[in-house]
Trainee: 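Shown below is the structure under consideration.
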Amino acid sequence: MPQRLGPSASSWLMSHNEAAVYGYAVAAFWGYTILTRVLVRALWYQAMPSANMSSPGMFTLAHVIFAPALVVAHTAAYKVGLPDSHRISAAVKHLLILLFVLFMAKVSFWALSAYLMVKAGDAGLGAAIHEWLMDPLSALGSSIELGSFYCIALALAAGVINWRRYHLEAIARSELALDAERSRSMALRRQLDPHSLYNTLNAIAGSVRSAPLIAIAMLSSLGDLLRLTMRDDDVESNLSDEFAIAAKYLALYQLRYPEKLFVSISLAEGCGNVAIPPLLLQPLVENAALHGVNAGCTDVEVRLQAVEASDNHINIIISNTSGPDTQLVPPEQSSGIGLRNTWERLRLSYGNDFSLKWVEGAAGTAILKLEIPRVIPKSSSTGSLVTALSADCIPIDVRI
């Protein structure tokens, strides 16, 4: 059965809005980057304590001073984004934000140098500040390095955001496709409902004058059948319920041909809770009964059984007595509503993981074999319709 996609390993990303995901991605990147930079500076400082460099603590302080500028820059970059229109304007804004980052990186190291000069009691602070402002190369290396890290953080955050959007779009596409499959399946099912009803009413009409009591019993059985089939548009049912509905439907034909039609239904233990599209078997057993009766044979037997198969699949076999000249057309090529719509519903429900074909059997017998995967429905109602079936007094050989 088709399933909706849902957040699995990405549940954390799906449970947070886009802005929060962006913020977490940026914070994680800068936390890792600053930590590794400080650790490298600490190892370098320990190896060469006499080198002309700031201590790891002072180096950390420079990043702390730079942090507010990062928050402002990333907030502005998120608001600008990558729009589908006005891309040149957005690119110019991102470039201005990058220049702001480069300048604030220089300012952070200027502030650190000024702090060290004040702490050391250096009287030339004013001259030093004037020199920094006039020298374009002042703290250029550090500012370019932090600016490049900013670009990497921006690209990483954009990648995370786009991945999240892609996953959300994939979920939306999956749900849309599932809804489309359900609509198609329901349309096929609604096409079958009146088709089967017309056939049944015709059968009842044929008995009104010749056998009015049988016609009354058939109308009563038809009411029971409609009560079972006209349920909500469930996406899936279970095999036990569908076998019960099929038995109710076959009982109508056995009332009309009590001395000619014999029905045998067998559901193997353990197969009753297997999921199956609702009312999938009804058109198949209807075809078996109609073609068997119309074959002109003295005795007609219709068999419906479900057995275990290999590879976690089950086999549903429908056989009926047929004439020697019966032409069996592959279900996918059939022009009849029952077989063609059943094939389409199976394809929508199982993709390529099913088989519906005619198989060879004894002479004068048509055997249709359906193989479907074993899937347990989300809400099983095993036994709910079997009880209704057992209350029927029609003599059908039912082994469930």
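Along the sequence shown, the residues carry numbers beginning at 1. Just the heavy atoms: all of them, side chains too, but no hydrogens, waters or symmetry mates, feed the values below.
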Trainee: Looking at K260, I want to see if its NZ is surrounded by more than 12 non-hydrogen atoms of other residues, nucleotides or ligands under 6.0 Å.
Mentor: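 Counting other residues, nucleotides and ligands, NZ of K260 exceeds 12 neighbours.
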Trainee: Considering non-hydrogen atoms only, spot the tightest contact between L146 and W30 and give its length.
Mentor: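 Shortest heavy-atom separation between L146 and W30 comes out as O-CH2, 3.7 Å.
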Trainee: With a 4.5 Å cut-off on side-chain heavy atoms, are N273 and R374 touching?
Mentor: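 A side-chain contact exists here, since the closest heavy-atom pair is under 4.5 Å.
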Trainee: Report the C-alpha separation of V160 and V21 in whole Å, then their side-chain angles, then the decisive distance to 0.1 Å, and conclude whether the side chain to side chain contact (heavy atoms under 4.5 Å, CB included) test is met.
Mentor: CA-CA 8 Å; V160 173; V21 171; 3.5 Å; yes
Trainee: Would you say L95 has more than 12 foreign heavy atoms packed within less than 6.0 Å of its CG?
Mentor: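 More than 12 heavy atoms, drawn from other residues, nucleotides or ligands, come within 6.0 Å of this atom.
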Trainee: What distance do L239 atom CG and E242 atom CD have between them, rounded to the nearest 0.5 Å?
Mentor: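 Here the interatomic distance stands at 8.0 Å.
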Trainee: Is the backbone N or O of T33 less than 3.5 Å from a side-chain atom of T36, with the two atoms forming a donor-acceptor pair by type?
Mentor: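 Flag set: sc T36 to bb T33 pair under 3.5 Å.
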Trainee: Check L98 against G147 and note the closest heavy-atom contact, atom names and distance.
Mentor: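 Minimum heavy-atom contact is CD1-O, 3.9 Å.
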Trainee: Check whether L328 and V300 end up in the same hydrophobic cluster, where Ile, Leu, Val, Met, Phe, Trp and Tyr are linked by side-chain heavy atoms less than 4.5 Å apart.
Mentor: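 Same hydrophobic cluster.
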Trainee: When you group the ILVMFWY residues by side-chain heavy-atom contacts below 4.5 Å and let the links chain together, are Y78 and V26 in the same group?
Mentor: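 Same hydrophobic cluster.
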Trainee: How many angstroms lie between CG in N162 and CD in E169, if you round to the nearest 0.5 Å?
Mentor: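 Going from CG on N162 over to CD on E169, the span is 9.0 Å.
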Trainee: Please examine the side chains of L102 and Y150, heavy atoms only from C-beta on, and report whether any two atoms are closer than 4.5 Å.
Mentor: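 No, every pair of side-chain atoms sits at 4.5 Å or beyond.
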Trainee: In Å and rounded to the nearest 0.5 Å, what is the NZ to CG distance from K369 to N315?
Mentor: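 So the gap between those two atoms works out to 4.5 Å.
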Trainee: Considering non-hydrogen atoms only, spot the tightest contact between I367 and S319 and give its length.
Mentor: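 I367 and S319 have their closest heavy atoms at CG1-CB, 3.8 Å.
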Trainee: Which heavy atom of W343 sits nearest to which heavy atom of P331, and what is that distance?
Mentor: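 Result for this residue pair: CE3-CB, 4.2 Å.
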Trainee: Has the side chain of Y22 got a donor or acceptor atom that lies under 3.5 Å from a matching backbone atom of H74?
Mentor: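 Flag set: sc Y22 to bb H74 pair under 3.5 Å.
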Trainee: Should I317 and V274 be regarded as members of a common hydrophobic cluster, given that ILVMFWY residues are connected when their side-chain heavy atoms come within less than 4.5 Å of each other, either directly or indirectly?
Mentor: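 I317 does not cluster with V274.
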Trainee: Examine I152 and V38 and state if one hydrophobic cluster contains both, with Ile, Leu, Val, Met, Phe, Trp and Tyr joined whenever side-chain heavy atoms are less than 4.5 Å apart.
Mentor: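 Yes.
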Trainee: Side-chain heavy atoms under 4.5 angstrom apart, residues restricted to Ile, Leu, Val, Met, Phe, Trp, Tyr: same cluster for F103 and F149?
Mentor: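 They do share one cluster, since a chain of ILVMFWY contacts under 4.5 Å joins F103 to F149.
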Trainee: With side chain to side chain contact (heavy atoms under 4.5 Å, CB included) as the test, would you mind laying out the steps for V263 and V285 before giving the verdict?
Mentor: CA-CA 10 Å; V263 177; V285 297; over 6 Å; no
Trainee: Apply salt bridge (charged side-chain N to carboxylate O under 4.0 Å, His left out) to E145 and R37, showing your working.
Mentor: CA-CA 11 Å; E145 186 179 19; R37 281 167 57 83; 2.7 Å; yes
Trainee: Between I318 and A288, what is the shortest heavy-atom contact and its length?
Mentor: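 Closest heavy-atom pair between I318 and A288: CG2-CB, 3.8 Å.
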Trainee: To the nearest 0.5 angstrom, please state how far the CG atom of L156 sits from the SG atom of C151.
Mentor: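 Spacing of CG (L156) from SG (C151) equals 13.0 Å.
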Trainee: Might you point out which heavy atoms bring A20 and N17 nearest each other, and give the distance in Å?
Mentor: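 Answer, listing the atom of A20 first, then N17: N-OD1, 2.7 Å.
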Trainee: Are side-chain heavy atoms of L346 and I372 found at a separation under 4.5 Å?
Mentor: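 Touching, per the 4.5 Å side-chain cut-off.
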Trainee: A side-chain contact here means heavy atoms from C-beta on lying under 4.5 Å apart; do L168 and R164 qualify?
Mentor: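 L168 reaches R164 side chain to side chain.
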Trainee: Pairs under 3.5 angstrom only: tabulate donor-acceptor contacts from the side chains of residues 351-365 to other protein residues two or more places apart or in another chain.
Mentor:
from: D353; atom 1: OD1; to: H313; atom 2: NE2; distance (Å): 2.9
from: W358; atom 1: NE1; to: V329; atom 2: O; distance (Å): 2.8

Trainee: Taking atom CD1 of I265 and atom CZ of R303, what is their separation to the nearest 0.5 Å?
Mentor: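 So the CD1 of I265 and the CZ of R303 are separated by 11.5 Å.
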Trainee: Do any N or O atoms from the side chain of S266 and from the backbone of Q305 form a donor-acceptor pair under 3.5 angstrom?
Mentor: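 Pair absent, no side-chain N/O of S266 close to backbone of Q305.
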Trainee: If you define the side chain from C-beta out and look only at heavy atoms, does anything of H94 sit under 4.5 Å from L154?
Mentor: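 A side-chain contact under 4.5 Å exists here.
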Trainee: Tell me who clusters with L39, hydrophobic residues only, linked when side chains sit under 4.5 Å apart either directly or through other members.
Mentor: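 Members other than L39 - counting any ILVMFWY side chain reachable under 4.5 Å - are L35.
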Trainee: Would you check if L339 and L368 make a side-chain contact, meaning some heavy-atom pair closer than 4.5 Å?
Mentor: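 Contact flag for L339/L368 side chains = yes.
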Trainee: What verdict does the side chain to side chain contact (heavy atoms under 4.5 Å, CB included) test give for L370 and I314, after you've listed the backbone C-alpha separation in whole Å, the side-chain angles of each residue and the deciding distance to 0.1 Å?
Mentor: CA-CA 8 Å; L370 168 62; I314 66 167; over 6 Å; no
Trainee: Looking at side-chain heavy atoms only, is the closest gap between L281 and I276 below 4.5 Å?
Mentor: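 They are in contact (side-chain heavy atoms under 4.5 Å apart), so the answer is yes.
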Trainee: Are side-chain heavy atoms of V72 and F100 found at a separation under 4.5 Å?
Mentor: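 Yes; the side chains approach each other to less than 4.5 Å.
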Trainee: How long is the straight-line distance from CG of L99 back to CE of M104, given to the nearest 0.5 Å?
Mentor: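 Interatomic distance, M104 CE to L99 CG, rounded to 0.5 Å: 13.5 Å.
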